[in-house]
Amino acid sequence: MAMIRNHYEAEHEAFRRSFRTFLEREVLPNRARYREQGMIDRAVYTRAGALGFLCSWVDEEFGGLGLADYRYDQIMQEEAAHSLESGMWMGALNRNAPPYIAKFGSEEQKRHFLPRLTSGEMICGIAMTEPDAGSDIAGFKTRADRQADGTWVLNGSKTYISYGIIGDIFVVAAKTDPANPRSLGLFLVEAAAPGFRRGRKLEKLGFATQDTAEIFFDDMVLQPIHVIGDPAKGFDYMRNGLAEERLTTAGQSLPWSRRAIELTLDFVTERKAFGQRLVDFQNTKFKLAEMLTEVEASQAFLDHCVRLFNAGQLDPATAAALKLKTSEVQGRVVDECLQLHGSAGYMQEYPICQLYADARIFRIFAGTSEVMKIVIARDLIDSRAGTTAS
Ligand SMILES: Cc1cc2nc3c(=O)[nH]c(=O)nc-3n(C[C@H](O)[C@H](O)[C@H](O)COP(=O)(O)OP(=O)(O)OC[C@H]3O[C@@H](n4cnc5c(N)ncnc54)[C@H](O)[C@@H]3O)c2cc1C
């Protein structure tokens with residue numbers, strides 16, 4: 001059930017098989033327990049690292065496999081959807097926080113941190129959102145104050161942080177100049193260091209096997225090795241990093257839509273009403289056709305953006321448009337698919353129920369749909385202004 005897609009080579013498909021086997025052997029047998037405890041065992045991440053699934057894009061000299069081709073990450077996102085396991089969130093592990101170290105970090109930071117991320121010894125989260133400011137980055141209150149001896153003192157809190165409970169380090173955005181609200185720094189904050197505190201594990205609508213939490217910094221002393229790049233350039237770094245995070249969010253979102261359609265096709269083929277199968281109603285056929293068409297069109301857009309990313313050409317506005325499109329499609333698809341299930345779709349025993357709950361956050365995290373529209377419109381208007389001026 002898919003368009004012909006000439007996106008992958010034989011080596012990608014081999015990688016797919018090994019990642020699928022890893023999920024089948026190491027993750028899926030314990031799903032019920034992971035749901036109960038609200039997270040996957042820490043040891044599974046170490047195993048993922050040993051098998052080369054963590055930050056495999058990192059250069060070999062820093063412990064990675066040097067698989068810079070984004071399609072390897074895309075495959076893991078597709079396989080996570082195939083398995084129906086949202087907790088093994090490879091996109092967030094591999095592509096949200098660690099690239100800040102590789103792209104903007106010092107040689108010393110790369111040598112120290114990247115091998116620990118690829119092995120699974122350390123899990124690295126990204127900590128931007130605050131209790132009083134999510135979309136409004138300029139409204140962040142977390143502060144890092146430079147001291148005379150070259151160290152920094154970090155104070156503040158972050159919330160809704162993925163891996164807030166099991167994470168070992170976090171890339172934290174903090175204001176670095178009280179006189180200049182645009183001066184933002186990115187800091188590598190180690191959870192084992194004095195002054196770091198974890199809050200409660202937050203109870204969520206979806207993503208039942210993955211932890212989200214508040215984290216706090218109380219007079220945390222950070223050394224120069226904890227400062228990423230120029231401590232006044234965090235906005236620029238995030239603009240770059242968020243494009244990658246949005247590609248990754250889309251890469252995860254779209255396979256879940258496809259999976260929802262597959263599961264719904266199974267269901268409507270079995271279930272009967274008014275003496276015929278649900279799939280024989282014209283409404284069902286039209287809904288399936290509309291959804292598949294939306295998914296296939298989005299797939300072409302996603303694959304195009306992956307190729308742009310591989311060529312170093314994915315710009316923030318295109319990444320925002322992709323994230324907007326795929327997450328909005330996902331919202332419509334899971335809603336229609338659940339509707340085609342009737343009340344069965346509202347029951348936890350049917351996977352569409354989980355897909356529906358998991359989908360809701362995609363229009364919010366990594367920047368809301370409204371923020372995506374602001375990014376896209378700003379680029380459009382600026383490009384017109386640029387054309388007029390020239
Ligand atoms: C499961 C989960 C995991 C997450 N993981 C992380 C993580 O790892 N790291 C991290 O930093 N954050 C994380 N987040 C937080 C998430 O990225 C933010 O919640 C999100 O960016 C939105 O911020 P907010 O909740 O403060 O909403 P707000 O910014 O308060 O927005 C509320 C509403 O107002 C709208 N709005 C805001 N500004 C405008 C505007 N200018 N124009 C029009 N409408 C506007 C928004 O679109 C939204 O609809 C996670 C959240 C969840 C639920």
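Bear in mind that the values here come from a model prediction, so they are computed numbers and not experimental data. Every number for a ligand or one of its atoms is a count from 1 in the order of the listing.
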Legend entry - Given Gln74, Arg71, His304, the one that forms side-chain hydrogen bond (donor to acceptor under 3.5 Å, both in side chains) with His7: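 For His7, the side-chain hydrogen bond (donor to acceptor under 3.5 Å, both in side chains) check succeeds only for Gln74.
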Report, in ascending order of atom number, the atoms of ligand 1 lying under 4.0 Å from any heavy atom of [X].
X: Ile364; result: 20 (C), 21 (O)
X: Ala366; result: 17 (O)
X: Met128; result: 10 (C), 11 (O)
X: Ile126; result: 7 (C), 8 (O), 9 (N), 10 (C), 11 (O)
X: Lys204; result: 1 (C)

Pairs of nitrogen or oxygen atoms closer than 3.5 Å, one from [X] and one from ligand 1: do any exist?
X: Ser162; answer: yes
X: Gly134; answer: yes
X: Glu130; answer: no

Inset, instruction - Evaluate the side-chain proximity of Leu67 to Phe15: yes if any heavy-atom separation is below 4.5 Å, no if none is. - result: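 Touching, per the 4.5 Å side-chain cut-off.
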Inset, instruction - Would you check whether Gly164 reaches within less than 4.0 Å of ligand 1, judged by its heavy atoms? - result: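 Judged by the 4.0 Å heavy-atom criterion, Gly164 does not count as contacting ligand 1.
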Legend entry - Any Ile374 heavy atom less than 4.0 Å to ligand 1: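 For ligand 1, residue contact (heavy atoms, under 4.0 Å) with Ile374 is present.
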Inset, instruction - Give a yes or no on whether a salt bridge exists between Glu270 and Arg277, defined as a side-chain N under 4.0 angstrom from a carboxylate O. - result: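 The answer is no: the pair does not qualify as a salt bridge.
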Inset, instruction - Could you check whether the rings of His341 and Tyr350 sit parallel, tilted or perpendicular, using 30° and 60° as the cut-offs? - result: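 Correct class here is perpendicular.
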Inset, instruction - Specify whether Phe274 and Phe281 have parallel, tilted or perpendicular ring planes, treating 30° as the upper limit for parallel and 60° as the lower limit for perpendicular. - result: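 The arrangement is perpendicular - the two ring planes meet at more than 60°.
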Inset, instruction - Answer with side chain, backbone, both or neither: which part of Thr368 has a heavy atom less than 4.0 angstrom from an atom of ligand 1? - result: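 The part of Thr368 near ligand 1 is the side chain, not the backbone.
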